[in-house]
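See structure below.
In what follows, chains are A, B, ... by sequence order, proteins preceding strands, each numbered from 1.
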Protein chains: 2
Amino acid sequence: MTTSVGIQPLSIERLRTACSTCGLRELCLPVGLAEAELERLDDLIQVRRTAKKGQSIYRSGDAFAALYAVRSGFFKTTILSEDGRDQVTGFYMGGEIVGMDGIGTELHTCDAVALEDSEVCVIPFSRLEDLSRQVPALQSHFHKVMSREIVRDHGVMMLLGSMRAEERLAAFLVNLSQRFVARGYSPSEFYLRMTREEIGSYLGLKLETVSRVFSRFQDEGYISVQQKHVRIIDIPKLRQLIGQRGGAC
Amino acid sequence: MTTSVGIQPLSIERLRTACSTCGLRELCLPVGLAEAELERLDDLIQVRRTAKKGQSIYRSGDAFAALYAVRSGFFKTTILSEDGRDQVTGFYMGGEIVGMDGIGTELHTCDAVALEDSEVCVIPFSRLEDLSRQVPALQSHFHKVMSREIVRDHGVMMLLGSMRAEERLAAFLVNLSQRFVARGYSPSEFYLRMTREEIGSYLGLKLETVSRVFSRFQDEGYISVQQKHVRIIDIPKLRQLIGQRGGAC
DNA sequence: CGGTTCTGTTGACATGGATCAAAGTCACGC
DNA sequence: GCGTGACTTTGATCCATGTCAACAGAACCG
């Protein structure tokens, strides 16, 4: 009595990479697709790639051909300026899309580096463009994903342009916490996959400052940190800390 | 003997807003379109809007419905945080596209304010999505425009995260200069449409610092500034200044 | 055309975060 | 299991930029 619409012989490989059965689907893909559309989407991703900690899935200057959906693990993206400084431009976890920097010039403009052993779904970009011409919901979804990346970047610009060290760290922790919740993890207890230096680079601070502010937050009882293990004790307080100006000073 | 392909009765209004005859076309639109595609594009923009200096074409929280191509004039975009700080997230001149922040949530997340009397072409977003499903070159072009916005934001993050005041100003001036050249203006002499405070906000500096660095650049003979009028005397020197670390310190 | 307000310049001083330095902790390979 | 190197913490000091303040020019408007 199991009525399955349009069952087809699926190879193990195809099943393995099928979006329709992926637990992260609602993060990567539009919701509410018709069965027929979902099937078409399953053609989108044929390949998964793994990256061990420290390896990159693409580097600045590489030809752009695909986007990457983080399937498991954790990534950072960094740009390296001519004079050797590098800037972390983002951290990416399961269900998030990396690689949109490359679309504009057809060359990647940053490195995407795994911060732990990770797996990504390779989304060939030309296929994504083809499919999104046929499936409006996919088109719309993709545009939203890109737009949200822009909005996220604006948030970082606000953070870098006008917040103090404590506010930046508080914002960073609250943001991580939210993203972990959305993935079904604890909002208040997690392991940082990145070093103090990487956090500092992202937030425009030196690693010593990051370390000191963590210690200060711990002294104040807002969090407890031990190396990469963080437990947030007082989320409301951290939220309050973000966007506090002219208070003490 | 004038052989025009597919001439149709064009109202004056239609002709006025037609992309195919717009001097900024190569900045907004894909190049190398077939005649038939170009004609379809002329349906894209039906409306122009003007904004006097200080007026905004949209505000944070407004429902998102369209992108705006700057036809003439100059805009800034700003986000306002709850506690009243605001951050300039970009400056936009002729041929550039504003409004992509709104796609993700269908609400705008920043204000777009005219810094001088300006005119924009209204691009209804649903029509853009429809058309780009039919005209792959338009689809591709639009994706590139969004991607470049992301890359630009990464550049600002680098600037805010790791450059010193002089480097930031130098980068800002060089960037403006490049964009003016691309529009056929002088690379070395232009009017700033924004105040010191707006520059400072964009660059993560206070207006006094901006003013001081301008004065210092002038003392060194790199530029000459008088209020909003800037003349760049030594562009190579400014370029060299960007990404100079561990030199003098 | 004169007053008012916005914008820009410059100086004196304060301070948050950078820098330099040293020691402690952890992870990993042999 | 121990040594080596990567990461983190903490302290002392310094400096680039912020803050506060005063004034000077421009722009605007009745």
Is the distance between the ring centroids of B/Y202 and B/F91 under 6.0 Å?
yes
Could you tell me how far apart A/H229 (NE2) and D/dT9 (C1') are, to the nearest whole angstrom?
18 Å
Parallel, tilted or perpendicular for A/H108 and A/Y58, by the 30°/60° rule?
parallel
Can you tell me how far C1' of C/dG16 sits from NZ of B/K206, to the nearest Å?
13 Å
When the ring planes of A/Y185 and A/F180 are compared, do they come out parallel, tilted or perpendicular, using 30° and 60° as the limits?
perpendicular
Per-nucleotide protein contact string for nucleotides 22-28 of chain D (B base, S sugar-phosphate only, - none; heavy atom under 4.0 Å)
-------
Value in whole Å for how far the C1' atom of C/dG8 lies from CG of B/L192:
12 Å
Global bending angle along the helix from C/dC1-D/dG30 to C/dC30-D/dG1, which compares the axes of five pairs at either end, to 10 degrees
50°
Out of D/dT8, C/dG17, D/dG18, which nucleotide sits closest to the side chain of B/L205?
D/dG18
Numerically ordered, the residues 209-225 of chain B set in heavy-atom contact under 4.0 Å with DNA chain D is B/T209, B/R212
List for me each residue that meets ring pair (Phe, Tyr, Trp, His ring centres under 6.0 Å) alongside B/F74, sequence neighbours excluded, and say none if there are none.
none
NZ/NE/NH1/NH2 to OD/OE distance under 4.0 Å, A/E96 and A/R152:
no
In whole angstrom, what separates B/M163's CE from D/dT17's C1'?
17 Å
Report the residues that fulfil side-chain hydrogen bond (donor to acceptor under 3.5 Å, both in side chains) with B/E197, sequence neighbours left out, ordered by chain and then residue number.
none
Base D/dC7 to side chain A/E198, donor-acceptor N/O within 3.5 Å cut-off:
no
To the nearest Å, give me how far apart CD (A/E166) and C1' (C/dT15) are.
14 Å
Using the salt bridge (Lys or Arg N to Asp or Glu O under 4.0 Å) criterion, which residues pair with B/E116? Sequence neighbours excluded.
B/R193
Rounded distance (Å) that lies between atom P of C/dA18 and atom CD of A/E197
12 Å
Is A/D117 salt-bridged to A/K53, going by a charged N under 4.0 Å from an acidic O?
no
Would you mind classifying the nucleic acid contact of B/G204 as base, sugar-phosphate or nothing, using non-hydrogen atoms under 4.0 angstrom?
sugar-phosphate
Taking the side chain as every heavy atom from C-beta outward, state whether A/I232 and A/P187 have any pair of such atoms under 4.5 Å apart.
no
Is the shortest side-chain N/O distance from B/K228 to OP1 or OP2 of C/dG8 below 4.0 Å?
yes
A/L115 CG to C/dA27 C1': how many Å, rounded?
17 Å
Using a 4.0 Å heavy-atom cut-off, does A/L207 contact any base of the nucleic acid, only the sugar-phosphate backbone, or nothing at all?
base
Per A/R196 side chain, nearest of listed nucleotides D/dT8, D/dT17, C/dG17
D/dT8
Is a side-chain N or O of A/E189 found less than 3.5 angstrom from the main chain of A/R231, in a donor-acceptor match?
no
Minimal non-hydrogen separation, A/A165 against A/L205, with atom names:
CB-CD2, 3.9 Å
Cationic N near anionic O, under 4.0 Å, A/E119 to A/R49
no
Whole angstrom value for the distance that separates P of D/dC7 from CD of A/E208:
14 Å
